Amino acid sequence: MPNLNNVVLLLIVANGIMSMTGFTNFEFFEKYKFNINAIQKGDKIRMFSSGFLHADWSHLIFNMYTLYIFSPIVISFLGNLNYLIIYVASLGLGSAFSYLFHKNEPHYSAIGASGAVSGILYASILLYPQMELFIMFIPIPIPAYVFGIGYLLYSIYGMRSNRDNIGHDAHFGGAVAGYIVTLALQPSLFQTSQLMVFLLAVPIILLYVLYKTGKI
(Lines give C-alpha, C1' and ligand atoms only; values in the text may rest on other atoms or scores of the structure.)
Protein backbone atom coordinates (compact mmCIF):
# COMPACT_ATOMS: atom_id res chain seq x y z
CA MET A 1 0.00 0.00 0.00
CA PRO A 2 1.24 3.55 -0.75
CA ASN A 3 2.46 5.84 2.01
CA LEU A 4 -0.01 8.52 3.07
CA ASN A 5 1.47 11.85 1.96
CA ASN A 6 0.67 14.83 4.22
CA VAL A 7 -1.03 16.76 1.39
CA VAL A 8 -3.24 13.78 0.57
CA LEU A 9 -3.97 13.31 4.28
CA LEU A 10 -5.02 16.97 4.52
CA LEU A 11 -7.44 16.55 1.61
CA ILE A 12 -8.89 13.36 3.07
CA VAL A 13 -9.35 15.02 6.47
CA ALA A 14 -11.00 18.07 4.86
CA ASN A 15 -13.37 15.83 2.92
CA GLY A 16 -14.09 13.83 6.06
CA ILE A 17 -14.85 16.86 8.24
CA MET A 18 -17.08 18.55 5.63
CA SER A 19 -18.90 15.32 4.80
CA MET A 20 -19.48 14.25 8.40
CA THR A 21 -20.80 17.71 9.22
CA GLY A 22 -23.16 17.43 6.28
CA PHE A 23 -24.32 13.98 7.40
CA THR A 24 -25.85 15.44 10.56
CA ASN A 25 -26.44 19.11 9.70
CA PHE A 26 -29.03 19.53 6.95
CA GLU A 27 -28.63 23.33 6.78
CA PHE A 28 -24.85 23.01 6.33
CA PHE A 29 -25.34 20.41 3.61
CA GLU A 30 -27.87 22.56 1.74
CA LYS A 31 -25.70 25.66 2.05
CA TYR A 32 -22.59 24.14 0.45
CA LYS A 33 -23.89 21.58 -2.07
CA PHE A 34 -23.76 22.24 -5.82
CA ASN A 35 -27.07 23.76 -6.89
CA ILE A 36 -27.74 25.47 -10.22
CA ASN A 37 -30.27 27.98 -8.91
CA ALA A 38 -28.05 29.10 -6.02
CA ILE A 39 -24.96 29.38 -8.25
CA GLN A 40 -26.84 31.44 -10.82
CA LYS A 41 -27.83 33.79 -8.01
CA GLY A 42 -24.12 34.35 -7.23
CA ASP A 43 -23.28 31.65 -4.67
CA LYS A 44 -20.16 30.53 -6.58
CA ILE A 45 -18.44 28.96 -3.53
CA ARG A 46 -20.66 25.92 -4.09
CA MET A 47 -18.64 25.12 -7.22
CA PHE A 48 -15.83 24.04 -4.87
CA SER A 49 -17.44 23.40 -1.48
CA SER A 50 -19.69 20.72 -3.00
CA GLY A 51 -16.57 18.73 -3.82
CA PHE A 52 -15.98 18.17 -0.10
CA LEU A 53 -19.49 16.90 0.66
CA HIS A 54 -20.65 13.30 0.23
CA ALA A 55 -24.00 11.55 0.41
CA ASP A 56 -23.00 8.86 2.90
CA TRP A 57 -20.07 6.88 4.31
CA SER A 58 -19.77 4.54 1.31
CA HIS A 59 -19.62 7.50 -1.09
CA LEU A 60 -16.95 9.19 1.03
CA ILE A 61 -14.85 6.07 1.59
CA PHE A 62 -14.87 5.06 -2.09
CA ASN A 63 -13.71 8.48 -3.25
CA MET A 64 -11.05 8.83 -0.55
CA TYR A 65 -9.72 5.32 -1.11
CA THR A 66 -9.38 6.00 -4.84
CA LEU A 67 -7.62 9.27 -4.06
CA TYR A 68 -5.28 7.48 -1.64
CA ILE A 69 -4.36 4.83 -4.24
CA PHE A 70 -3.59 7.10 -7.20
CA SER A 71 -2.27 10.28 -5.56
CA PRO A 72 1.26 8.94 -4.87
CA ILE A 73 1.83 8.41 -8.60
CA VAL A 74 1.04 12.04 -9.43
CA ILE A 75 3.05 13.36 -6.47
CA SER A 76 6.09 11.22 -7.32
CA PHE A 77 6.19 12.67 -10.86
CA LEU A 78 5.07 16.26 -10.25
CA GLY A 79 5.42 17.09 -6.55
CA ASN A 80 2.95 18.32 -3.94
CA LEU A 81 2.20 21.76 -5.37
CA ASN A 82 1.46 20.54 -8.89
CA TYR A 83 -0.61 17.72 -7.43
CA LEU A 84 -2.75 20.30 -5.61
CA ILE A 85 -3.06 22.35 -8.79
CA ILE A 86 -4.42 19.29 -10.62
CA TYR A 87 -6.79 18.49 -7.75
CA VAL A 88 -8.26 22.00 -7.56
CA ALA A 89 -8.42 22.39 -11.35
CA SER A 90 -10.19 19.04 -11.68
CA LEU A 91 -12.68 19.92 -8.97
CA GLY A 92 -13.36 23.27 -10.62
CA LEU A 93 -13.71 21.96 -14.18
CA GLY A 94 -15.84 19.06 -12.98
CA SER A 95 -18.27 21.57 -11.45
CA ALA A 96 -18.05 23.71 -14.60
CA PHE A 97 -19.10 20.72 -16.73
CA SER A 98 -22.00 20.06 -14.36
CA TYR A 99 -23.05 23.67 -14.72
CA LEU A 100 -22.69 23.62 -18.51
CA PHE A 101 -24.82 20.51 -18.99
CA HIS A 102 -27.46 21.39 -16.37
CA LYS A 103 -27.65 25.19 -16.53
CA ASN A 104 -31.30 25.04 -17.59
CA GLU A 105 -32.25 22.79 -14.66
CA PRO A 106 -32.52 25.21 -11.70
CA HIS A 107 -33.12 22.45 -9.15
CA TYR A 108 -30.17 20.29 -10.23
CA SER A 109 -27.87 19.51 -7.29
CA ALA A 110 -24.68 17.49 -6.89
CA ILE A 111 -22.03 16.61 -4.31
CA GLY A 112 -18.81 14.63 -4.06
CA ALA A 113 -15.10 14.72 -4.79
CA SER A 114 -15.47 12.53 -7.88
CA GLY A 115 -14.46 15.30 -10.29
CA ALA A 116 -11.23 15.97 -8.42
CA VAL A 117 -10.55 12.26 -7.97
CA SER A 118 -11.17 11.63 -11.68
CA GLY A 119 -8.58 14.29 -12.50
CA ILE A 120 -5.99 12.63 -10.26
CA LEU A 121 -6.85 9.23 -11.74
CA TYR A 122 -6.48 10.45 -15.33
CA ALA A 123 -3.25 12.29 -14.48
CA SER A 124 -1.79 9.12 -12.95
CA ILE A 125 -2.68 7.11 -16.06
CA LEU A 126 -1.06 9.71 -18.30
CA LEU A 127 2.09 9.80 -16.18
CA TYR A 128 2.34 6.03 -15.64
CA PRO A 129 0.50 4.37 -18.57
CA GLN A 130 2.13 0.99 -18.03
CA MET A 131 0.21 0.69 -14.76
CA GLU A 132 -2.27 -2.19 -14.58
CA LEU A 133 -5.50 -2.20 -12.61
CA PHE A 134 -7.60 -4.99 -11.14
CA ILE A 135 -11.33 -4.40 -11.52
CA MET A 136 -14.04 -6.23 -9.60
CA PHE A 137 -15.35 -9.36 -11.35
CA ILE A 138 -12.54 -9.24 -13.95
CA PRO A 139 -9.87 -11.83 -13.02
CA ILE A 140 -7.06 -10.35 -15.13
CA PRO A 141 -5.26 -7.00 -14.86
CA ILE A 142 -6.41 -4.24 -17.24
CA PRO A 143 -3.96 -1.70 -18.71
CA ALA A 144 -4.60 1.64 -17.03
CA TYR A 145 -5.09 3.49 -20.31
CA VAL A 146 -7.79 1.01 -21.37
CA PHE A 147 -9.58 1.63 -18.09
CA GLY A 148 -9.21 5.41 -18.51
CA ILE A 149 -10.65 5.42 -22.02
CA GLY A 150 -13.46 3.07 -21.01
CA TYR A 151 -14.23 5.19 -17.96
CA LEU A 152 -14.75 8.31 -20.07
CA LEU A 153 -16.71 6.48 -22.76
CA TYR A 154 -19.01 5.17 -20.03
CA SER A 155 -19.30 8.74 -18.69
CA ILE A 156 -20.42 9.90 -22.14
CA TYR A 157 -22.99 7.11 -22.22
CA GLY A 158 -24.22 8.12 -18.78
CA MET A 159 -24.47 11.78 -19.80
CA ARG A 160 -26.49 10.88 -22.90
CA SER A 161 -28.84 8.40 -21.24
CA ASN A 162 -29.28 10.39 -18.00
CA ARG A 163 -30.79 7.35 -16.31
CA ASP A 164 -29.00 7.35 -12.99
CA ASN A 165 -28.07 9.70 -10.16
CA ILE A 166 -24.35 9.80 -10.98
CA GLY A 167 -22.62 13.06 -11.93
CA HIS A 168 -21.01 11.74 -15.11
CA ASP A 169 -20.42 15.28 -16.37
CA ALA A 170 -18.37 16.14 -13.26
CA HIS A 171 -16.35 12.95 -13.68
CA PHE A 172 -15.64 13.83 -17.30
CA GLY A 173 -14.76 17.46 -16.55
CA GLY A 174 -12.39 16.40 -13.81
CA ALA A 175 -10.65 13.93 -16.12
CA VAL A 176 -10.28 16.59 -18.82
CA ALA A 177 -8.65 18.93 -16.30
CA GLY A 178 -6.32 16.15 -15.16
CA TYR A 179 -5.35 15.50 -18.77
CA ILE A 180 -4.79 19.15 -19.77
CA VAL A 181 -3.02 20.32 -16.61
CA THR A 182 -0.75 17.26 -16.51
CA LEU A 183 0.35 17.89 -20.09
CA ALA A 184 0.91 21.57 -19.30
CA LEU A 185 3.06 20.65 -16.31
CA GLN A 186 4.87 17.79 -18.06
CA PRO A 187 5.05 18.73 -21.77
CA SER A 188 7.76 16.11 -22.34
CA LEU A 189 4.89 13.59 -22.49
CA PHE A 190 4.18 14.84 -26.01
CA GLN A 191 7.54 13.32 -27.01
CA THR A 192 7.80 10.33 -24.69
CA SER A 193 4.16 9.14 -24.75
CA GLN A 194 2.69 10.41 -28.03
CA LEU A 195 0.44 7.41 -28.59
CA MET A 196 -0.88 7.53 -25.02
CA VAL A 197 -1.54 11.27 -25.23
CA PHE A 198 -3.57 10.66 -28.39
CA LEU A 199 -5.48 7.63 -27.10
CA LEU A 200 -6.50 9.34 -23.88
CA ALA A 201 -7.70 12.34 -25.90
CA VAL A 202 -10.11 10.25 -28.01
CA PRO A 203 -13.07 10.33 -25.56
CA ILE A 204 -12.50 14.07 -24.99
CA ILE A 205 -12.65 14.75 -28.73
CA LEU A 206 -15.73 12.54 -29.02
CA LEU A 207 -17.56 14.48 -26.30
CA TYR A 208 -16.67 17.77 -27.99
CA VAL A 209 -18.08 16.54 -31.32
CA LEU A 210 -21.26 15.24 -29.68
CA TYR A 211 -21.74 18.52 -27.83
CA LYS A 212 -21.15 20.67 -30.91
CA THR A 213 -23.59 18.58 -32.96
CA GLY A 214 -26.26 18.74 -30.26
CA LYS A 215 -26.21 15.02 -29.57
CA ILE A 216 -25.46 15.40 -25.88
Side-chain angles (χ1 to χ4, degrees), residues 47 51 63 66-67 69-79 81-103 110 112-135 138 140-162 164 166-216:
M47 298 281 285
N63 272 340
T66 306
L67 188 69
I69 291 297
F70 291 100
S71 291
I73 297 171
V74 180
I75 291 172
S76 67
F77 278 92
L78 300 177
L81 178 59
N82 289 332
Y83 166 81
L84 277 176
I85 290 172
I86 293 172
Y87 186 95
V88 173
S90 300
L91 174 55
L93 194 59
S95 291
F97 266 52
S98 292
Y99 185 87
L100 175 66
F101 286 100
H102 299 281
K103 60 186 176 184
S114 298
V117 173
S118 294
I120 296 301
L121 171 61
Y122 223 64
S124 69
I125 293 172
L126 191 57
L127 291 164
Y128 185 37
Q130 63 267 40
M131 172 173 54
E132 294 184 330
L133 305 175
F134 284 92
I135 310 299
I138 300 178
I140 59 174
I142 297 175
Y145 71 91
V146 173
F147 173 82
I149 293 168
Y151 176 74
L152 289 197
L153 291 176
Y154 173 71
S155 295
I156 292 175
Y157 168 79
M159 292 165 70
R160 294 194 70 189
S161 62
N162 198 25
D164 54 35
I166 299 173
H168 296 287
D169 31 52
H171 296 179
F172 203 103
V176 170
Y179 178 84
I180 293 173
V181 177
T182 300
L183 288 175
L185 294 171
Q186 194 85 348
S188 61
L189 290 169
F190 285 109
Q191 279 77 46
T192 60
S193 302
Q194 288 180 348
L195 177 60
M196 201 56 54
V197 169
F198 170 76
L199 290 175
L200 291 174
V202 169
I204 300 172
I205 296 169
L206 175 61
L207 179 68
Y208 178 78
V209 171
L210 290 172
Y211 178 74
K212 282 297 185 179
T213 55
K215 295 180 180 178
I216 194 170

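Computed from heavy atoms alone, side chains included, the values below leave out hydrogens, waters and symmetry copies. Residue numbers run from 1 in the order of the sequence given. Remember, it's a predicted structure, so these values are computed and weren't measured experimentally.
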[X] versus [Y], closest heavy-atom pair with distance:
X	Y	answer
T182	A123	OG1-CB, 3.1 Å
G173	L93	O-CD2, 3.4 Å
V74	S124	CG2-N, 3.8 Å
G148	Y122	O-CE1, 3.6 Å
M159	H168	CG-CB, 3.6 Å
A89	A177	O-CB, 3.6 Å

According to the interplanar angle, ranging from 0 to 90°, do the rings of H171 and Y151 count as parallel (below 30°), tilted (30 to 60°) or perpendicular (above 60°)?
parallel
Are any non-hydrogen side-chain atoms of [X] and [Y] less than 4.5 angstrom apart?
X	Y	value
Y157	L153	no
F97	L207	yes
I120	Y83	yes

With side chain to side chain contact (heavy atoms under 4.5 Å, CB included) as the test, would you mind laying out the steps for F172 and I204 before giving the verdict?
CA-CA 8 Å; F172 203 103; I204 300 172; 4.2 Å; yes
Please round to the nearest 0.5 Å and tell me the distance separating atom [atom1] of [X] and atom [atom2] of [Y].
X	Y	atom1	atom2	answer
L200	I125	CG	CD1	6.5 Å
I69	L133	CD1	CG	10.0 Å
F70	S118	CZ	OG	10.5 Å
I142	M131	CD1	CE	12.0 Å
I75	L127	CD1	CG	11.5 Å
S193	Q186	OG	CD	9.5 Å

Any pair with a residue in residues 85-98 that passes side-chain hydrogen bond (donor to acceptor under 3.5 Å, both in side chains), sequence neighbours left out, goes on the list, sorted by first then second residue, please.
N15-Y87, S98-D169
Assess whether side chain to side chain contact (heavy atoms under 4.5 Å, CB included) is satisfied between I156 and L152, documenting all intermediate values.
CA-CA 6 Å; I156 292 175; L152 289 197; 5.7 Å; no
Can you tell me if Y99 has over 12 outside heavy atoms packed within less than 6.0 Å of its OH?
yes
Ring pair (Phe, Tyr, Trp, His ring centres under 6.0 Å) filter on Y211, not counting sequence neighbours, yields F101
Can you list the steps and then say if L183 with Y179 is a side chain to side chain contact (heavy atoms under 4.5 Å, CB included)?
CA-CA 6 Å; L183 288 175; Y179 178 84; 3.6 Å; yes
Could you give me the CA-CA distance, side-chain angles and deciding distance for I86 and L185, then say whether side chain to side chain contact (heavy atoms under 4.5 Å, CB included) is met?
CA-CA 10 Å; I86 293 172; L185 294 171; 4.1 Å; yes
